[in-house]
Amino acid sequence: MSNSPIYKNYIDGVFVDNGNYFDDISPIDGSLVARVSEADKSLVDQAVLAAKNAMNGKWGKMSVAERCDMLDRVAAEIERRFDDFVAAEIADTGKAHAQVKNIDIPRGGANFRFFANLAREQGEKSWQMDTPDGLGATNKILSKPIGVVAVISPWNLPLLLMTWKVAPALAAGNAVIVKPSEETPGTATLLAEVMDAVGMPKGVFNLVHGFGPGSAGEFMVTHPHVDAVTFTGESKTGTAIMKNAADGLKPVSFELGGKNAAIVFKDADFDKAVSGTIRSAFANCGQVCLCSERVYVEREIFDEFVSALKEKAEALKIGRPEDNADMGPLISVGHREKVLSYFKLAIEEGANVVTGGEVPHFGDDRDQGAFINPTIWTGLSDDARCMNEEIFGPVCHIMPFDHEDEVIHKANDTDYGLAAAIWTTDLEKAERVARQMEVGICWVNDWFLRDLRTPFGGVKLSGIGREGGIHSLEFYSEPLTICMKH
Ligand code: NAD
């Protein structure tokens with residue numbers, strides 16, 4: 001225990017350890033990854049004050065070009081410390097090496113470069129207008145930072161999703177208080193080291209560790225000097241945050257849960273649809289907000305599709321990050337309990353278990369981890385809880401359909417509205433169906449493909465607002481109109 005590192009808070013350019021710790025546990029074998037210094041209310045107060053002062057200091061006076069050059073240096077330092085970031089993300093999440101090396105960490109760095117470039121390209125708009133005296137007026141629209149932004153992020157793609165908020169917030173000139181998930185404090189702590197190393201002015205990036213209710217998360221959201229809250233996580237957490245943010249009328253940007261549909265038509269390229277659905281159901285052990293938990297397959301190919309998906313799911317290799325495994329563990333034993341409770345409920349609700357449904361036994365230290373088998377169900381009814389509640393594990397239900405209108409109705413018949421995937425070779429039909437999806441993003445013949453310039457987010461319980469490209473910069477900015485009479 002004494003050898004495990006201590007992850008500290010980073011406030012006003014100083015690493016702070018207040019002596020009050022919680023444990024960061026490996027989901028691979030239950031071992032201790034680190035002890036984490038939990039920020040109390042007074043540390044959160046200090047972080048907010050530091051951020052406020054930064055806005056009034058050197059950072060607030062920097063030109064866009066200087067600011068963006070600083071963000072490029074952050075990206076370069078993440079790239080220089082690539083292996084440290086990979087190790088920290090793997091220690092916290094147990095994800096496969098390949099995923100962390102190819103997606104999580106590169107995207108973490110890329111977010112800073114992308115938003116630096118985008119901010120450099122922005123100009124000021126202006127409109128000339130006529131006036132009765134014939135002299136006219138000019139309206140100039142400025143973009144000003146909102147001020148102090150609270151960033152609260154989840155554990156499933158820790159660095160990627162946190163920097164997806166931090167990078168545009170800083171590019172737009174704000175100062176941030178960041179709280180990573182209590183499950184994944186590692187890469188956020190490294191990011192604080194990066195900020196320190198590149199000479200980010202103190203108070204611009206503050207890191208506080210802790211939990212939600214009664215802890216750092218709630219202290220941030222309720223703080224009177226926090227000007228906006230950007231959050232990714234569960235829908236019910238979004239509700240709690242929104243209530244707490246209501247008192248100060250703080251703007252919120254929410255990326256929340258999903259219960260996403262995949263629709264496979266009989267004219268789909270069968271092999272692509274099967275391997276695409278394997279990815280969309282089981283990537284990151286099913287812990288991606290965009291994962292397909294409801295798969296609808298046209299009746300003529302239903303049996304063949306279920307058998308093919310079963311075969312591929314059973315061939316997925318579960319194991320340690322260095323094993324080149326297809327699937328690592330869930331994030332924690334606690335989360336596995338939640339997923340297993342749905343496995344039990346599904347049977348009570350009449351599911352036929354096509355494959356999976358249990359915990360694998362390895363006969364080694366992985367039995368202390370949070371592994372679970374990929375699981376496929378058929379036979380549930382539309383109103384089953386397992387068809388309506390987000391499970392967030394490696395599990396999908398497959399249901400047959402007969403008509404296009406029927407499957408559109410089923411796909412949309414949910415409280416969530418994040419993503420959908422359509423598999424067909426008939427592109428006219430693909431476009432017709434995609435246009436009717438009540439989601440923020442609909443893929444045709446693919447899944448998870450992202451152009452960072454496009455709006456990303458959800459409708460209904462899946463979120464408020466959009467992130468990506470200019471949509472992010474708009475959330476983190478306040479327009480100011482200057483109307484000048486000639
Ligand atoms: P979560 O809501 O449990 O926690 C997310 C963060 O919120 C954590 O940092 C947590 O400490 C904090 N938090 C919890 N309660 C809080 C409160 N009352 N006030 C302030 N902060 C609070 O989510 P999670 O389990 O970490 O992540 C999984 C969820 O995130 C899933 O529902 C998933 O769909 C969703 N998600 C959505 C997107 C998206 O882009 N839409 C992306 C990734 C994950």
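Below, all heavy atoms of this structure are taken into account, side chains as well, without hydrogens, waters or symmetry copies. Atoms within each ligand, like the ligands themselves, are counted from 1 in listed order.
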Salt bridge between K338 and E390, side-chain N to carboxylate O under 4.0 Å?
no

Salt bridge between R466 and E474, side-chain N to carboxylate O under 4.0 Å?
no

Please compare P154, A216, S215 and report which has the shortest non-hydrogen distance to atom 27 (O) of ligand 1.
P154

When rounded to the nearest 0.5 angstrom, what is the spacing between CD1 in I422 and CH2 in W447?
16.0 Å

Sub-3.5 Å N/O-N/O distance, E390 and ligand 1:
yes

Would D227 and K250 pass as an ion pair if we require N to O under 4.0 Å?
no

Looking at non-hydrogen atoms alone, which of Y416, W155, F211 comes nearest to atom 25 (O) of ligand 1?
W155

E182 heavy atoms within 4.0 Å reach ligand 1 at atoms 8 (C), 10 (C), 11 (O)

With heavy atoms of E218 as the reference, note each atom of ligand 1 found under 4.0 Å away.
19 (N), 20 (C)

Show me which atoms of ligand 1 lie under 4.0 Å from any heavy atom of I241.
19 (N), 20 (C), 21 (N)

Measure from atom 19 (N) of ligand 1 to the protein's non-hydrogen atoms and state whether any distance is below 4.0 Å.
yes

Taking NZ, NE, NH1 and NH2 as the nitrogens, is one of them in K259 or E293 under 4.0 Å from a carboxylate oxygen of the other?
yes

So does K243 have more than 12 non-hydrogen atoms from other groups sitting under 6.0 Å from NZ?
no

Mind checking whether L256 has an N or O less than 3.5 Å away from an N or O of ligand 1?
yes

Atom 35 (C) of ligand 1 sits nearest the protein heavy atom G233 O, 3.2 Å

S153 versus ligand 1: do any nitrogen or oxygen atoms come within less than 3.5 Å of each other?
yes

Any nitrogen or oxygen of K179 lying under 3.5 Å from a nitrogen or oxygen in ligand 1? Just yes or no.
yes

With only distance considered, is T237 within less than 3.5 Å of ligand 1 through an N or O on each side?
yes

Could you find the nearest protein heavy atom to atom 23 (O) of ligand 1 and give me its residue, atom name and distance?
E234 N, 3.4 Å

Ligand 1 contact on Q287 by region, counting heavy-atom pairs under 4.0 Å:
neither

the protein heavy atom lying closest to atom 22 (C) of ligand 1 turns out to be G212 CA, 3.4 Å

Going by the atom numbers of ligand 1, which of them fall below 4.0 Å from some non-hydrogen atom of F456?
40 (O)

Ligand-side contact atoms (ligand 1) for residue partner N156, heavy atom cut-off under 4.0 Å:
43 (C), 44 (C)

D446/R279 salt bridge by N-O under 4.0 Å criterion
yes

Presence of salt bridge, E467 and K165, under 4.0 angstrom
yes

Just jot down the ligand 1 atoms closer than 4.0 angstrom to any heavy atom of I152, in number order.
6 (C), 7 (O), 9 (O), 12 (C), 20 (C), 21 (N)

Atom 28 (C) of ligand 1 [closest protein heavy-atom partner, distance rounded to 0.1 Å]
F392 CE2, 3.6 Å

Touching ligand 1 at all, F254? Heavy atoms, strictly under 4.0 Å?
no

If you round to the nearest 0.5 Å, how far is CG of N388 from CG of L380?
10.0 Å

Are any of the side-chain nitrogens in K460 or E438 under 4.0 Å away from the carboxylate oxygens of its partner?
yes

Can you tell me how far the NZ atom of K101 sits from the CZ atom of F82, to the nearest 0.5 Å?
7.0 Å

Can you find a non-hydrogen atom of P180 under 4.0 Å from ligand 1?
yes

Taking atom CG of N206 and atom CD1 of I177, what is their separation to the nearest 0.5 Å?
4.5 Å

Ionic contact status for R35 with D17, cut-off 4.0 Å:
no

Tell me the contacting part of L418 for ligand 1: side chain, backbone, both, or neither, using a 4.0 Å heavy-atom threshold, strictly below.
side chain

Sub-4.0 Å atoms of ligand 1 with respect to non-hydrogen atoms of T232
5 (C), 36 (N), 37 (C), 38 (C), 39 (C), 42 (C), 43 (C), 44 (C)

Separation between CZ (F305) and CH2 (W423), nearest 0.5 Å, reads 9.0 Å

Under 6.0 Å from the NZ atom of K317, do we count more than 12 heavy atoms belonging to anything else shown?
yes

Are any of the heavy atoms in G463 under 4.0 Å away from ligand 1?
no

Contacting atoms of ligand 1, where contact means under 4.0 angstrom from a heavy atom of L161:
42 (C), 43 (C)

Does L290 approach ligand 1 within less than 4.0 angstrom via side chain, backbone, both or neither, non-hydrogen atoms only?
neither

Between E77 and R81, is there a salt bridge with N-O shorter than 4.0 Å?
no

Among all protein heavy atoms, pick the one closest to atom 36 (N) of ligand 1 and tell me residue, atom and distance.
C289 CB, 3.5 Å

